[in-house]
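What follows is one structure encoded as structure tokens, with my remarks underneath.
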Amino acid sequence: MLLLVFLALLGSAGCPRTEPLSRSSEDPLFHGADRYDFAIILAAGTMECFWQFAHQNGNFFFNYEVQRATGIGNNRHILVTASDPSGFQLGASQHVRGQINFLTKEKGFYRLCLDNQQTHFGFMQVYLNFGVYYEAFDTDKQPEERKELNDTLEAIGVSTQKLQLHIFHMWRFYNFARMRKASDSFLLESNYNYVNWWSMAQSCAIVLSGVLQLYFLKRLFNVQASSRQKC
């Protein structure tokens, strides 16, 4: 009985519930920010999911990169999926790094899942960069409010929107560089430790072989000297 309870608790802790918080029907849900970038530690044999709110006709992007992995073989491949609010899968990727882009056709929470169940003896550190952006930033304005704007303010608004969009894409490319830099840093550190340990092991093997050769040579001469004395 205790074993069944322990297995049940272990199974429930394998995939944490990170669903969007739902309160009463009168209170609106917490939508969060439009963009996120962070790194997570994904334990062996677990799956982690995140939810991102998006309006209709938005550009959804999801970029990831496995920065380091532990365990047998250091397998850095991970299964990543993206689903719409109805549960329909919009894209999947199973590589060391990748991206999933699509247009949001309905309003709601889009689910992003990372599956590390193929690895049983090590964890992974995955860097995530996902969110949604809109080509027109003034979609929430009413037609009456737009009519009140004169031509000068409208031109300034269009220029500001284009500038914000260009800055946003610069921010995305900057995050790409951050992902690759961190991954290369972990790879260099791993290679450095590997070379150091392998060099130390070879040095110990050389010293040990030299000591053994001296020991057996000394023993060989001692045997010959004792045999001559007996004769």
Side-chain angles (χ1 to χ4, degrees), residues 11-23 28-71 74-120 122-135 137 139 164-165 167-183 186:
S12 61
C15 179
R17 299 176 62 87
T18 55
E19 299 177 0
L21 299 177
S22 59
R23 296 174 292 181
L29 290 174
F30 176 70
H31 295 168
D34 289 335
R35 296 179 292 272
Y36 291 96
D37 61 302
F38 54 89
I40 63 170
I41 299 296
L42 202 61
T46 60
M47 182 174 64
E48 187 82 21
C49 293
F50 302 92
W51 275 259
Q52 172 65 38
F53 180 82
H55 292 279
Q56 193 176 6
N57 299 326
N59 298 287
F60 200 101
F61 64 94
F62 181 29
N63 307 315
Y64 72 94
E65 180 167 357
V66 180
Q67 296 179 331
R68 63 173 176 173
T70 61
N74 292 334
N75 184 15
R76 296 173 58 194
H77 289 76
I78 189 173
L79 177 60
V80 177
T81 58
S83 305
D84 61 3
S86 301
F88 181 75
Q89 183 172 317
L90 299 175
S93 177
Q94 193 173 6
H95 303 284
V96 176
R97 66 180 62 90
Q99 58 180 344
I100 301 175
N101 303 318
F102 55 88
L103 295 176
T104 57
K105 297 182 179 179
E106 57 180 319
K107 176 181 178 182
F109 286 92
Y110 289 78
R111 185 178 65 178
L112 312 172
C113 291
L114 294 88
D115 191 353
N116 189 27
Q117 295 184 358
Q118 294 183 355
T119 304
H120 300 285
F123 66 88
M124 289 185 180
Q125 179 174 333
V126 188
Y127 187 89
L128 305 178
N129 177 25
F130 60 89
V132 59
Y133 66 95
Y134 308 93
E135 295 293 340
F137 292 91
T139 55
Q164 289 178 350
L165 189 61
I167 293 175
F168 166 72
H169 286 296
M170 290 175 60
W171 174 79
R172 287 190 63 189
F173 288 126
Y174 171 71
N175 281 328
F176 289 154
R178 285 180 59 192
M179 286 192 296
R180 297 301 300 270
K181 181 179 179 181
S183 180
F186 286 122

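Hydrogens, waters and symmetry mates play no part in the numbers below; they use all other heavy atoms, side chains included.
Using modelled atom types, no side-chain atom of T81 and backbone atom of A92 make a donor-acceptor pair closer than 3.5 Å. In this structure, N129 contributes its side chain and D37 its backbone to no donor-acceptor pair below 3.5 Å. Under a 3.5 Å cut-off, the side chain of Q94 and the backbone N or O of I78 do not form any donor-acceptor pair. Using a distance-only test at 3.5 Å, with no hydrogens or angles considered, a donor-acceptor pair links the side chain of R76 to the main chain of V66.
Looking at every heavy atom in both residues, S93 comes nearest to G98 through OG-CA, 4.3 Å. Scanning both residues, D34 and Q52, for their nearest heavy atoms gives O-NE2, 3.6 Å. What you find for G122 and A44 is that their closest heavy atoms are O-CB, 3.0 Å. Nearest heavy-atom pair, T104 versus A54, reported as atom, atom and distance to 0.1 Å: CG2-CB, 3.8 Å.
Using a 4.5 Å heavy-atom threshold, the side chains of D84 and K105 count as separate. Proximity of F102 to Y110: side-chain heavy atoms (C-beta onward) are separated by under 4.5 Å at one or more points. Counting heavy atoms from C-beta outward, V96 and H77 have side chains that approach closer than 4.5 Å. Residues F50 and F38 have side chains in contact (heavy-atom distance under 4.5 Å, counting atoms from C-beta outward).
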key: Stepwise side chain to side chain contact (heavy atoms under 4.5 Å, CB included) test for D115 and V80   = CA-CA 6 Å; D115 191 353; V80 177; over 6 Å; no

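Residue Q118 holds its CD atom at 7.0 Å from CG of L79, rounded to the nearest 0.5 Å. We find the CZ-OG1 distance between F123 and T46 to be 12.0 Å, quoted to the nearest 0.5 Å. For the atom pair CZ of F130 and CG of L112, the computed distance is 6.0 Å after rounding to the nearest 0.5 Å. For the atom pair N101 CG and Q99 CD, the distance stands at 5.0 Å (nearest 0.5 Å). How far CG of L42 is from CD of Q125: 11.0 Å, rounded to the nearest 0.5 Å. Note that the CD atom of Q89 and the CD1 atom of I100 stand 8.0 Å from one another [nearest 0.5 Å].
Using bins of under 30°, 30° to 60° and over 60° for the plane-to-plane angle, the ring pair H55/F53 lands in the perpendicular bin.
In this model, no donor atom of one side chain and acceptor atom of the other lie less than 3.5 Å apart for Y127 and N63.
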